[in-house]
2 protein chains.
Amino acid sequence: MELDERKTKILQAIIKNYLETGEPVGSRTISKYTDLNLSSATIRNEMADLEELGFIVQPHTSAGRIPSDKGYRFYVDAMMLEHEKEVEQLKDVLLEKEEKLDHMLKQAAKLMAVNTNYATMVTAPRSSKNVLKFLQLSRMDASHILAVIVIEGNVIKNTVIDVAESLNDETMLKLNILLNTHLNGLSVEEINLGLITALKQQAGMYGPIIEEVIDAVAETIKEDEDLEIYTSGANNIFKYPELSDNQKASDLINAFEEKQLLTQLIDDTDSEGRNEIKVYIGEESPIQTMKDCSIVTANYEFGDGMRGMIGIIGPKRMDYDKVVGTIKTIKSQLDTMYKKDDN
Amino acid sequence: MELDERKTKILQAIIKNYLETGEPVGSRTISKYTDLNLSSATIRNEMADLEELGFIVQPHTSAGRIPSDKGYRFYVDAMMLEHEKEVEQLKDVLLEKEEKLDHMLKQAAKLMAVNTNYATMVTAPRSSKNVLKFLQLSRMDASHILAVIVIEGNVIKNTVIDVAESLNDETMLKLNILLNTHLNGLSVEEINLGLITALKQQAGMYGPIIEEVIDAVAETIKEDEDLEIYTSGANNIFKYPELSDNQKASDLINAFEEKQLLTQLIDDTDSEGRNEIKVYIGEESPIQTMKDCSIVTANYEFGDGMRGMIGIIGPKRMDYDKVVGTIKTIKSQLDTMYKKDDN
DNA sequence: CGTTAGCACTCATTTAAGTCGAGTGCTAAT
DNA sequence: ATTAGCACTCGACTTAAATGAGTGCTAACG
């Protein structure tokens with residue numbers, strides 16, 4: 001048996017209706033919903049076929065049908081093809097203020113949440129390279145040195161280093177020059193033991209400080225690994241009864257609070273379909289506790305190797321159309337942000 | 001009518017039992033629960049009195065009694081008096097790693113959440129003074145200057161400033177000296193227009209840069225105002241049926257995600273009872289959506305004018321004893337952290 | 001006079017039975 | 001191939017009765 005055109009139309013009508021109502025949909029409804037002018041009996045026959053094909057299921061005998069994961073998948077795939085509109089007015093809101101990165105991402109998450117009524121997440125961009133761009137030591141007071149570390153993509157980190165004895169200005173200058181000359185442009189992997197030893201030798205009696213600085217650099221960059229994730233709209237899940245029974249809601253909220261779990265959504269998109277939007281439906285989700293949800297994600301590029309992720313999490317009956325649209329908009333927005341941010 | 005000793009005992013037994021079970025408690029239960037050896041009938045008489053006094057209420061006729069807000073209040077007040085144990089092993093966990101401030105606070109929140117099974121919050125310490133401690137401009141590349149701003153309490157902020165033309169080393173040095181000489185030790189309020197004008201004059205052709213820097217400083221410090229709040233254990237509310245119906249849970253989760261609302265819990269403690277632990281029960285809460293909860297908060301001092309808040313939010317029938325204990329421990333931990341962090 | 005046993009009464013909760021209706025599958029007619 | 005008709009299913013809702021925890025009151029007791 002094949003999915004002919006009529007079956008397709010009926011299937012789409014069923015899914016569409018279910019997305020709106022959240023209720024199982026019966027043959028009678030479809031009989032009127034479509035412009036096919038078919039009686040409910042005919043629809044019933046077709047529905048039986050569609051069920052046999054695995055696109056829809058009955059939650060129980062003598063109830064209407066609801067889409068199976070396969071059904072959703074079919075619907076999403078079809079939709080993705082013809083999806084090409086865009087450029088909504090969201091852009092302006094996002095650009096309104098060229099704020100600091102974290103504020104911007106927070107806002108992006110919120111924007112998506114408000115716009116779609118689902119839970120959303122945005123990860124800070126992370127460089128796969130972690131190239132050191134700039135390093136600056138300053139004497140804060142007698143026993144503290146402030147190290148400012150800038151890595152590619154203008155991610156800035158600070159560390160305070162304790163020193164036993166105060167260093168004079170000249171020494172500070174020397175150390176700064178020494179470090180910047182040798183380390184700038186190197187990735188963290190390239191800063192190996194040999195290089196460190198050489199530097200320490202050049203620094204003479206200040207070798208220990210060099211070591212401390214480099215340790216701090218390494219740790220700071222590494223710290224960036226457990227990356228920031230901004231979420232918003234977690235409480236939207238309460239708008240969907242199928243997600244808000246106690247156990248499920250608790251699990252979901254937990255995932256959104258811990259954020260640790262959400263990292264599983266990252267990086268899958270890396271190798272294969274470049275820059276594609278991914279849709280996980282139900283059991284397809286890499287996160288077990290979200291098997292009653294659908295998840296739509298996309299990566300964004302933040303210039304030169306920096307990449308982050310945005311995602312929307314909602315019930316399986318989410319408005320895929322809108323969600324994909326929103327994701328695309330935000331994604332392209334973030335994609336172009338880097339140049340903007342850099343001028 | 002007065003609260004004699006027997007009534008007090010009965011009241012405490014009622015509350016204690018209700019805290020454990022979450023169910024209205026009847027006379028029969030109390031009759032056995034206490035060592036008073038009284039029949040249920042006697043208890044009933046006493047309960048009628050207690051109800052008349054406003055310490056307990058009946059959710060409906062012919063159900064057991066539950067504590068009123070006033071009842072909780074009585075219980076908490078009594079408990080606070082005799083509460084003096086402390087020094088749990090929590091300390092070690094918290095000290096285990098002298099991590100960066102935000103990690104530490106996050107951990108503190110989590111620790112409390114795990115320990116108590118309630119929702120918790122920790123705000124980053126905020127200085128009431130905002131004194132500029134140290135300022136450093138560095139040339140990052142031709143068109144960008146990195147400004148590092150350290151304010152009292154070792155809060156470090158970065159800003160990137162765009163400049164039209166590149167500045168040479170000498171100029172940078174001059175600017176740094178100029179700025180540090182005149183601004184260090186001043187609060188943001190003290191950096192007024194007169195001072196700025198004077199500085200600009202001294203900077204000559206680089207006046208505009210001075211202005212940008214000071215703007216950045218002002219904005220950065222101000223940005224600190226919408227302070228960080230770390231939360232944990234929000235999903236614990238699902239463990240308490242009285243909080244997890246859809247509407248309430250949604251409201252609570254929302255408060256914890258938005259965090260904006262939580263700021264209302266801050267600063268009340270400021271003027272009056274110094275360093276006291278505050279307990280808001282039910283309607284006493286400054287946050288409307290939390291009127292079914294109890295909230296326990298405390299301020300902690302982070303050295304020299306920096307102060308933050310920790311709080312635990314749970315159902316009215318929370319284990320006040322444990323919560324106050326936990327809060328005290330964490331508070332004293334954070335109080336002493338500053339010295340630790342500074343050595 | 002405080003305490004207690006006894007008892008009638010209340011009322012949320014649970015259980016069972018019954019009704020309703022949306023929806024199905026099948027068959028026969030068009 | 002399509003449709004009308006009909007018996008059947010089964011969850012959802014309604015109603016009624018049973019249950020039982022708990023109360024308030026009264027009368028008896030030490």
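As the structure is a computational prediction, the values presented were derived from the model and not from experiment. Numbers restart at 1 for each chain; the letters A, B, ... are given by sequence-line order, proteins then strands.
Atom-to-atom, CD of B:E46 to C1' of D:dG24 comes out at 15 Å; the value is rounded to the nearest Å. Between A:N45 atom CG and C:dG25 atom C1' there is a gap of 9 Å when expressed in whole angstrom units. In this structure, the NE2 atom of A:H60 is 9 Å from the C1' atom of D:dA12, given to the nearest Å. If you take CD1 of A:I43 and C1' of D:dA4, they are 15 Å apart, rounded to a whole angstrom. For the pair B:N17 CG and D:dA21 C1', the computed distance is 14 Å after rounding to whole Å. Rounded to an integer number of Å, the gap from B:E52 CD to D:dT23 P is 16 Å. As rounded to whole Å, 12 Å separates atom P of C:dC26 from atom CG of A:D49. Distance CZ (A:R44) to P (D:dT9): 16 Å, rounded to an integer number of Å.
Other residues, nucleotides and ligands place no more than 12 heavy atoms under 6.0 Å from the NZ atom of A:K110.
Within the 3.5 Å criterion, the main-chain N or O of B:T29 finds no donor-acceptor partner in the side chain of B:N17.
Ring orientation note: the planes of A:Y18 and A:Y72 are tilted relative to one another, at an angle of 30° to 60°.
The side chain of A:S39 lies closest to D:dA4, out of C:dT3, D:dA4, D:dT23.
Summary of the strand contacts: A:R28 and B:L38 both lie near DNA chain C, and taking for each the nucleotide with the nearest heavy atom, the more 5' one is attributed to B:L38.
Using a 4.0 Å cut-off, some side-chain N or O of B:T61 falls inside it from OP1 or OP2 of C:dC11. When the side-chain nitrogen and oxygen atoms of B:S27 are compared with OP1 and OP2 of D:dT23, one or more of them lie within a distance under 4.0 Å. Contact check, B:R65 against D:dT23: a side-chain N or O comes under 4.0 Å of OP1 or OP2.
If you check every strand for non-hydrogen atoms under 4.0 Å, B:A41 touches a base.
Residues satisfying the side-chain hydrogen bond (donor to acceptor under 3.5 Å, both in side chains) test with A:Q58, not counting sequence neighbours, are none.
The CD atom of A:Q12 sits 12.0 Å away from atom OG1 of A:T34, with the distance rounded to the nearest 0.5 Å.
Side-chain to base pairing of A:S62 with D:dT9: one donor and one acceptor N or O lie within less than 3.5 Å of each other.
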